[in-house]
Amino acid sequence: MSGYLKKKRLEEARQIFDRMPVRDAVSWNTMITCYAQNGRMEEARKLFEKSPIRDVFTWTAMVSGYIQNGQLHDARRIFDEMPEKNVISWNAMIAGYVQSKNMDLAGELFEAMPCRNASSWNTMITGYAQSGDIARARNLFVKMPHRDCISWAAIIAGYAQNGDSEEALQMFVEMKRDGERLNRSAFTCVLSTCADIAAFELGKQIHGRVVKAGYEFGCYVGNALLAMYCRCGSIDEAYNVFKRIEDKDVVSWNTIIIGYARHGFGEEALKHFESMKRARIQPDEVTMVGVLSACSHTGLVERGRYYFDSMSQDYGIVANSKHYTCMIDLLGRAGRLDDAQNLMRSMPFEPDAATWGALLGASRIHGNTSLGEKAAEMIFALEPWNSGMYVLLSNLYASSGRWVDVRKMRSKMRDTGVNKIPGYSWVEVQNSIHTFSVGDSNHAESDGIYAFLEELDLRMKRDGYVSATKLVLHDVEEEEKQHMLKCHSEKLAVAYGIMKIPSGRPVRVFKNLRVCEDCHTAIKHIAKIVGRLIILRDPNRFHHFKDGVCNCETIGDGNVCTIVIMNYFY
DNA sequence: ATAGGGTTAG
């Protein structure tokens with residue numbers, strides 16, 4: 001019977017069950033569980049009512065069956081009716097509340113249960129962490145009597161998912177120090193954290209441990225490794241990991257497709273999309289975001305259109321706002337602003353700020369100030385706190401010489417108190433991460449960095465570089481001038497990387513805001529002068545600078561503005 | 001035979 005159940009041949013299993021001369025508790029429970037876990041609660045219930053031997057296993061299987069099928073009320077009804085509960089029944093019910101994000105009821109049961117085991121605590125830790133209450137999660141983690149490797153994985157995941165990368169790494173270190181076995185989850189989370197903060201060297205070290213532990217080829221760990229290499233700027237190493245993952249799932253394919261897209265290798269991304277289909281992996285919404293953004297970053301308008309249409313036709317995927325945003329971005333970059341607007345009007349839901357942002361970006365590239373203003377207005381209405389949009393609109397005004405409006409934007413920002421996100425860039429050198437902000441002189445080797453930049457500046461000028469900042473200085477306020485004359489964070493990080501990273505190896509720099517146009521130009525010259533490959537990750541994509549060109553330019557991926565302004569943020 | 005942790009977009 002269980003052989004048939006493993007192959008999900010429920011009907012055949014049932015026939016055997018019905019023909020069994022003697023049925024014990026295990027046969028009844030097995031059959032009930034299988035109906036429950038395959039979403040057939042009606043049949044499970046009928047059998048449950050017929051069963052002559054209902055023990056705690058039977059009842060708990062029904063509870064968890066209802067939970068897995070989203071019938072929380074039925075689960076609770078059964079739970080309350082149970083003549084006898086064990087710790088597993090309680091845990092199942094608590095997990096049900098956690099999954100439906102009802103931490104109040106989960107907490108009530110957790111307090112009420114007569115005895116708890118590690119699973120009970122772990123479920124609550126995950127629940128609080130996923131609801132954003134990491135303090136409570138930590139509190140339970142510290143208080144629980146016997147932590148196991150799942151508890152550690154849960155708390156590391158909690159920090160990682162709540163954006164506290166440092167604490168996630170710290171807990172990983174402590175887990176090891178505590179003598180706990182590093183399990184797949186812990187590796188998965190910590191690799192994902194490395195990807196977030198672009199800790200490439202650390203990621204590679206953890207890769208080594210992953211290999212030792214024999215986790216390299218599994219899906220979760222393999223996918224996390226793959227994503228780590230993609231997001232740390234090494235698409236080649238990412239591909240090597242991808243090749244070796246056994247039984248690649250939809251996430252593996254999505255990650256490599258998105259990786260190629262974000263590195264500006266659109267054709268490669270689309271090639272993998274075709275391979276994915278040949279491997280009979282069903283694309284999902286995330287896949288299509290990757291595919292459409294690949295088309296967008298590569299300027300493939302017609303192919304983008306084709307894939308957009310095939311989404312619903314071939315895969316039954318309903319386009320969401322991200323898909324529309326990709327398409328509007330694609331059409332907009334190509335200068336087809338009317339098509340972009342028409343597509344926006346045809347959307348079955350209201351456009352969000354990101355979608356208007358795509359239209360605003362396109363307006364800037366093609367100098368359509370009135371459309372840009374309209375888009376910006378919508379964004380201000382939807383997200384008044386979105387400072388990035390003020391910058392974009394200012395740049396739009398600046399590029400059409402409307403300095404009065406630029407100043408108006410500045411005072412509007414001051415009046416509304418939009419918080420300015422400070423720009424910073426970082427580079428990893430010998431296992432530590434060096435962070436820079438505009439005009440930064442806090443670094444221990446600051447003098448050397450500036451001296452090196454001076455030298456580079458001379459050689460860049462000889463190479464034909466003209467500083468864009470000098471060109472606009474007469475049109476900006478004094479305060480802003482000061483910022484413009486200072487070195488932007490990306491330049492400082494690039495310079496430091498060149499100084500410290502052995503030649504022959506790429507210099508990888510990361511920035512929390514989009515790269516400044518002037519720096520983008522400068523870095524092209526720098527890459528040529530020093531003969532290095534410089535890879536720069538900004539929130540949007542990777543820029544590969546080599547021999548005086550960047551791979552984002554072939555299709556005018558429009559880094560930022562035509563004229564540098566509002567450098568306040570860099 | 002019943003319960004707990006993890007990866008991809010934005």
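Chain letters run A, B, ... following the sequence lines, proteins first, then strands; residues in each count from 1.
Residues A:Val98 and A:Met103 meet the side-chain proximity criterion, which asks for heavy atoms closer than 4.5 Å.
Out of B:dG4, B:dT2, B:dT7, the shortest distance to the side chain of A:Val251 is found at B:dT7. Checked against B:dG10, B:dA3, B:dG4, the side chain of A:Asp148 finds its nearest nucleotide in B:dG4. Distances from the side chain of A:Ala118 to the nucleotides B:dG4, B:dA1, B:dA3 place B:dG4 closest. The side chain of A:Ile258 lies closest to B:dT8 when the candidates are B:dT7, B:dG4, B:dT8. Here the side chain of A:Thr123 is nearest to one of B:dT7, B:dA3, B:dG4, namely B:dG4. Among the nucleotides B:dA1, B:dG6, B:dA9, the one closest to the side chain of A:Val286 is B:dA9. With distances taken from any side-chain atom of A:Thr188 to the nucleotides B:dG6, B:dT8, B:dT2, the minimum falls on B:dG6.
A:Gln37 has no side-chain polar atom (N or O) that falls below the 4.0 Å cut-off from OP1 or OP2 of B:dA1. Residue A:Gln130 has a polar side-chain atom (N or O) positioned under 4.0 Å from OP1 or OP2 of B:dG6. Dashed line: the shortest gap from a side-chain N or O of A:Ser192 to OP1 or OP2 of B:dT8 is under 4.0 Å.
Rounded to whole angstrom, the span from the CH2 atom of A:Trp59 across to the C1' atom of B:dA3 amounts to 18 Å.
Checking A:Asn254 against A:Asn223 by side-chain atom types alone, no donor-acceptor pair falls below 3.5 Å.
Annotation: side chain to side chain donor-acceptor pair (under 3.5 Å) contacts of A:Ser293 (sequence neighbours excluded): none. With sequence neighbours excluded, the residues satisfying side chain to side chain donor-acceptor pair (under 3.5 Å) with A:Asn86 are A:Ser89.
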